[in-house]
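Comments concern the structure below.
Keep in mind that this is a model prediction, so the values were computed, not measured. Chain A is the first sequence line, chain B the second, and so forth, proteins listed ahead of strands; every chain is numbered from 1.
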Amino acid sequence: MGYDFQSIEKKWQHTWESEGTFNADADPARKKFYCLEMFPYPSGALHMGHLRNYSIGDMMTRFLWKRGFNVLHPIGFDAFGLPAENAAMKYKTPANKWTWENIEHMTEQLKHMGCSYDWRRRVETCNPDYYKWTQWIFLQFFKKGLAYRKNAPVNWCESCNTVLANEQVINDGHCWRCNTPVVKRNLEQWFLKITDYAQELLDDLDNLPGWPDRVKTMQRNWIGRSEGARLTFTEKSTGEIIETFTTRFDTIYGVTFLALAPEHPFVEKMCALSPKGDEIRAFVQKCVTQSAIERTAVGGEKEGFFTGFSAVNPVTGESVPILIANYILMDYGTGAIMGVPAHDQRDFEFARKYDIPVKVVIQPHDESLDGVTMEHAFEDDGITCNSGAFDGLPTAEAIPAMIEWGVEQGFCSREVNFRLRDWLISRQRYWGAPIPVVYCDCCGIVPVPEDELPVLLPAEVKIVEGGKSPLTEDKEWLSVPCPKCGKPGRREADTMDTFICSSWYFFRYCSAREDSAVFNVDEANYWMAVDQYIGGIEHACLHLIYARFFTKFFADLGLCNAREPFTNLLTQGMVIKDGAKMSKSLGNVVDPDEIINTYGADTARLFILFAAPPANDLDWSERGVEGANRFLNRVWRLVEENIALLSSVRERPSLPMERLSEQRMRDLKRKIHTTIRDVTRDIADEKQFNTAVARLMELLNALSSFRPETDDESALFREGVDVLLACLNPFCPHITEELWSLGGHKETLSKLPWPEVEPSALEMDSVTVVVQFNGKVREKEDFPAGLSKEELQERVFALPSVQKRLEGVEVVRVIVVPDKLVNVVVKG
RNA sequence: GCCGGGGUGGCGGAAUGGUAGACGCAGCGGACUCAAAAUCCGCCGUGGGCGACCACGUGGGGGUUCGAGUCCCCCCCCCGGCACCA
């Protein structure tokens, strides 16, 4: 029978809650630490991913309290979102009720894990007290001109019945939430101008040494900066200006066509002017109906159409044909490109298909290209040719020289383009924060005055089958007088992307009950930035970019000093079972409740932290869980079986190393203190929690076999048990608290300082020295620690086994590393 | 294609350029037991040898070094991101 974790865990959870053990208040006199895990969506119950995330965060929090920090460790719920609406339809329960029930249930689950949250700070993004401020933030964006409406081809998920931001289209054109293929629709929508911050979002990644390279690289790719020039062409018959963007300005002499996106504004004009207008329209129609995936797939069939119009190359004066091409994207650069088939593979394929000339303007170093016969484009650097005064320049010099010349001549300008697009934040859904604007026939778009916030969601809505937003059907809710002129107006029926709600919650935690402002600036400045953020890597280009954007915006509003929200980021791996991510559809889920009910929260936490380093995927193993449980039972027995002995030396100090002479006592003393040293380093510096646990298992093994006989030995044994419990406490808080109090201690272990290393206890009495011959281990021998190089070599050479090996060989060289090894290099 | 992260026993995983495989899981042998469970003790990379030992071994190939899982170069494979972005 194992120990009675059920009653122990309940007991200590009550104690921590009733005593407010982990409540934290801003205190400028104390050094702070803000430890945060990504808050959960209240889907109904915690899953293993949550259990892992919160086990890591809780362990770190408890460790940091012990290390003397004032630790803010809050939790809340990312409570708006589509699943609530789907559940409403499925179970005929209002989204509101479903969500709040889930929040209460999951709160209980988090408490059963023994998590050390400051529960006074819990936030729920669907709470009007919270989304009032989400709306307020929107209004600040609006005031600054960073929230705007535009008509654009946008991503539409036919399953979620709403638009999506670019970041939310993943896996080659699929919805991030439901994996349905995304289609394009032309709609007028609200956007946030995240592109204004593109350069800073990119640059500041260099100031985040505490972030994994993987995540920074993903964000750099996503932001996608490219430097080049904007070049102006003139259409011959109309004089229309057509602008193109290029990163290879050095290839302008090789331009043999111009290609426009089907959506390019000049296309409409050409249709009107040209006798081929109907044909052009037909071609454009064909392109537009292609799916996003077809249009953007690498190696997809390039389709073009000669418009009959032509443009003049401003550099050469040559006339080149204008085509419309399906592979040109309207929302990147200018929506038009200069075609250089000799030096761009896409242009090359296109040119060969439509018999457009290929003009070589860069020669490689090792061969000579011929535009007529070449089989693919030459895209590498080389030597410029056929380019007038620039002939002979290597690419790296040609680009800046030619741009400079183009700028002087007035037909080009330097330009930087980003792949990052503005953030589409409208959602055609009910369960989200309403966008606080009113449409008025007289005044246009009118923001709701700040003192009228929040714009409340109607509590009861009719669920509309077919996925249409219920808000569009609620005539009473929609109709509202214009805040400006008072005439009848109409509310915005779209709600905000829930990623808006989660872009600022970590600020709200700093002063969660503040009702006069979005957050208290002083408290935010005390707590922010988050010192340690923990969550899944799937948010690399979603939440983690949005949150950085919001923080920079807040800083610009003067609301906070921090320009980056998260100083250190830990992205934990997935929980795997039978070789695949745990998921309902695969049927390989393990329910956290079941594990906690069977083995206890301490066992669950310990297994999760021991089974793999946090960034790795974690292979779930029932056997491994049993192993963790076995360890805790051994710890329990160690204390229980020695309880009288431990009490008898409660007040007897453990002797310092200098006073210990017996070898087994010296060894145990050293083990106790190297354990403190190593566990501290593993948690604080390496964030290798699995090895920290391994060290504690070793300490238990040492204590189990010690068997004290004298009072001094008992006192040493007690010291070892105390250290084991104190170091294990952040991992397994309940059992360690219980054993701590069973051992006669009065204080709450959770708030006691982390044990201190006694430096003298770390000193080694003897060391095992490895004797190598030509780099191969041949002998091992114990010597007193601290021998000089000379003495160690002398004593090694005196060993009979070494003497034997030295017979008949010539010693060429000897390398001696004190306390470590002697390598004898021999010949013959 | 570009960028990032990886590749170590049967498995999860350890190793400031200095004993490869800590710790755990599984397995094997033993003790206790009428028996089982639980617990405790021992063994546990591969090949060879009765043995002391010897050879091989961290994806592959080179290199630096007295010494390389670790550093450098080339290559292979797996995972992730971006990709018709001009």
Inset, instruction - Among B/A86, B/A20, B/G24, find the nucleotide with the atom closest to the side chain of A/Thr247. - result: B/A86
Legend entry - Nearest listed nucleotide, side chain of A/Arg778, among B/C54, B/C3, B/C23: B/C54
Inset, instruction - Assign A/Asp347 to base, sugar-phosphate, or nothing according to its heavy-atom contacts below 4.0 angstrom with the strands shown. - result: nothing
Inset, instruction - Determine the contact category for A/Pro613: base if any of its heavy atoms lies under 4.0 Å from a base atom, sugar-phosphate if only primed atoms, P, OP1 or OP2 are that close, otherwise nothing. - result: sugar-phosphate
Legend entry - Out of B/G80, B/G24, B/U19, whichever nucleotide has its closest atom nearest the side chain of A/Met697: B/G24
Inset, instruction - Provide the distance between the two P atoms, one in B/U19 and one in B/A15, to the nearest whole Å. - result: 13 Å
Legend entry - Distance below 4.0 Å between A/Gln688 side-chain N/O and B/A14 OP1 or OP2: yes
Inset, instruction - Among the candidates B/G12, B/G18, B/A86, find the nucleotide nearest to the side-chain atoms of A/Gln772. - result: B/G18
Legend entry - A/Asn633 vs B/U39: side-chain N/O to OP1/OP2 distance below 4.0 Å: no
Inset, instruction - Scan A/Ser621 against the nucleic acid and name what it touches under 4.0 Å (heavy atoms): base, sugar-phosphate only, or nothing. - result: nothing
Inset, instruction - Tell me whether the OP1 or OP2 atom of B/A86 has a side-chain N or O from A/Ser226 closer than 4.0 Å. - result: yes
Legend entry - Length of the line joining A/Ile815:CD1 and B/U65:C1', which is rounded to integer Å: 9 Å
Legend entry - Nucleotide B/C82, atom P - distance to CD1 of A/Ile223 in whole Å: 13 Å
Inset, instruction - From the options B/G18, B/G13, B/A86, select the nucleotide whose nearest atom is closest to the side chain of A/Ala612. - result: B/G13
Legend entry - Nearest-angstrom distance, C1' atom, B/G6 to B/U70: 15 Å
Legend entry - Partner nucleotide of B/U46 by Watson-Crick or wobble geometry (both distances under 3.5 Å): B/A55
Legend entry - Distance, P atom - from B/C11 to B/U46, rounded to whole angstrom: 12 Å
Legend entry - Cation-pi, A/Tyr327 ring and A/Lys302 (6.0 angstrom, 45 degrees): yes
Legend entry - Presence of salt bridge, A/Glu640 and A/Arg637, under 4.0 angstrom: no
Inset, instruction - Have a look at A/Gly224 and say if it touches a base, only the backbone sugar-phosphate, or nothing, with a 4.0 Å heavy-atom cut-off. - result: nothing
Legend entry - Atom-to-atom span, CZ of A/Arg419 to C1' of B/A86 - whole angstrom: 14 Å
Inset, instruction - Look at A/Asn823 and B/U65 and indicate whether a side-chain polar atom (N or O) is within less than 4.0 Å of OP1 or OP2. - result: no
Legend entry - Under-4.0 Å side-chain N/O to phosphate OP1/OP2 contact, A/Gln219 with B/G4: no
Inset, instruction - Starting from C1' on B/G4, measure out to CG on A/Asp213 and report it in whole angstrom. - result: 8 Å
Legend entry - Gap in Å between the two P atoms, one belonging to B/C2 and one to B/G69, rounded: 30 Å
Inset, instruction - Pick the P atom in B/G4 and in B/C72, then give their distance to the nearest Å. - result: 14 Å
Legend entry - Same-atom distance (P) from B/G30 to B/A36, integer angstrom: 12 Å
Inset, instruction - Considering only atom P, compute the distance from B/U65 to B/G80 and round it to an integer number of Å. - result: 40 Å
Inset, instruction - Looking at every strand, decide which applies to A/Val777 at a 4.0 Å heavy-atom threshold: base, sugar-phosphate, or nothing. - result: sugar-phosphate
Legend entry - Syn-anti status, with the boundary at 90° from 0, for the nucleotide B/G9: syn
Legend entry - Length of the CG-C1' vector between A/Asp250 and B/A86, whole Å: 13 Å
Legend entry - Distance, rounded to the nearest Å, where A/Asp682 contributes CG and B/A22 contributes P: 16 Å
Inset, instruction - Among the candidates B/A22, B/C82, B/A26, find the nucleotide nearest to the side-chain atoms of A/Arg623. - result: B/A26
Inset, instruction - Looking only at non-hydrogen atoms, find the nearest pair between A/Ile608 and A/Leu618 and report the distance. - result: O-CD1, 3.3 Å
Inset, instruction - Over 60° means perpendicular and under 30° means parallel, so classify the ring planes of A/Trp636 and A/Tyr3, tilted if in between. - result: parallel
Legend entry - Side chain of A/Asn616 - closest among B/A22, B/G13, B/A86: B/G13
Inset, instruction - Would you please confirm or rule out a distance under 4.0 Å between OP1 or OP2 of B/A26 and any side-chain N or O of A/Arg630? - result: yes
Inset, instruction - Report the relative orientation of the aromatic rings in A/Phe411 and A/Phe249; use parallel for angles under 30°, tilted for 30 to 60°, perpendicular for over 60°. - result: parallel
Legend entry - Position toward the 5' end of RNA chain B (nearest nucleotide), A/Gly775 or A/Arg248: A/Gly775
Inset, instruction - Considering just the side-chain nitrogens and oxygens of A/Lys776, establish if one lies under 4.0 Å of OP1 or OP2 belonging to B/C56. - result: yes
Inset, instruction - Report yes or no: does A/Asp617 contribute a side-chain atom to a donor-acceptor pair with the main-chain N or O of A/Met574 at less than 3.5 Å? - result: yes
Legend entry - A/Arg637, nearest nucleotide to its side chain (from B/U39, B/U19, B/A55): B/U39
Inset, instruction - Output yes when at least one side-chain N/O atom of A/Arg220 is less than 4.0 Å from OP1 or OP2 of B/G81, else no. - result: no
Inset, instruction - Report yes if a side-chain nitrogen or oxygen of A/Asn690 is closer than 4.0 Å to either non-bridging phosphate oxygen (OP1 or OP2) of B/A14; otherwise report no. - result: yes
Legend entry - Least distance between heavy atoms, A/Pro262 atom then A/Ile324 atom: CA-CG2, 3.7 Å
Legend entry - For B/C25, the Watson-Crick or wobble counterpart (both distances under 3.5 Å): B/G10
Legend entry - Mutual orientation of the aromatic rings belonging to A/Phe499 and A/His539 [parallel < 30°, tilted 30-60°, perpendicular > 60°]: perpendicular
Inset, instruction - Name the residue closer to the 5' end of RNA chain B, choosing between A/Asp617 and A/Ser705 according to the nucleotide with the nearest heavy atom. - result: A/Asp617
Inset, instruction - Kindly say if A/Arg230 contacts the phosphate of B/A86, meaning a side-chain N or O under 4.0 Å from OP1 or OP2. - result: no
Inset, instruction - May I ask you to say whether A/Asp204 pairs ionically with A/Arg548, meaning some side-chain N is under 4.0 Å from a carboxylate O? - result: no
Inset, instruction - Please state how far atom CG in A/Asp619 lies from atom C1' in B/G10, giving the value in whole angstrom units. - result: 14 Å
Legend entry - Any-strand Watson-Crick or G-U partner of B/U39, both distances under 3.5 Å: B/A31
Inset, instruction - Ignoring backbone atoms, establish whether A/Arg805 has a side-chain N or O less than 4.0 Å from OP1 or OP2 of B/C54. - result: yes
Inset, instruction - Starting from P on B/C79, measure out to CZ on A/Arg214 and report it in whole angstrom. - result: 13 Å
Inset, instruction - Evaluate the side-chain proximity of A/Thr603 to A/Phe5: yes if any heavy-atom separation is below 4.5 Å, no if none is. - result: no
Legend entry - Nucleotide paired to B/C82 in any strand shown, Watson-Crick or G-U, under 3.5 Å: B/G1
Legend entry - Nearest to side-chain heavy atoms of A/Thr768, which nucleotide of B/C84, B/U19, B/A86: B/U19
Inset, instruction - Between B/A20 and B/C53, how far apart are the P atoms? Round to whole Å, please. - result: 15 Å
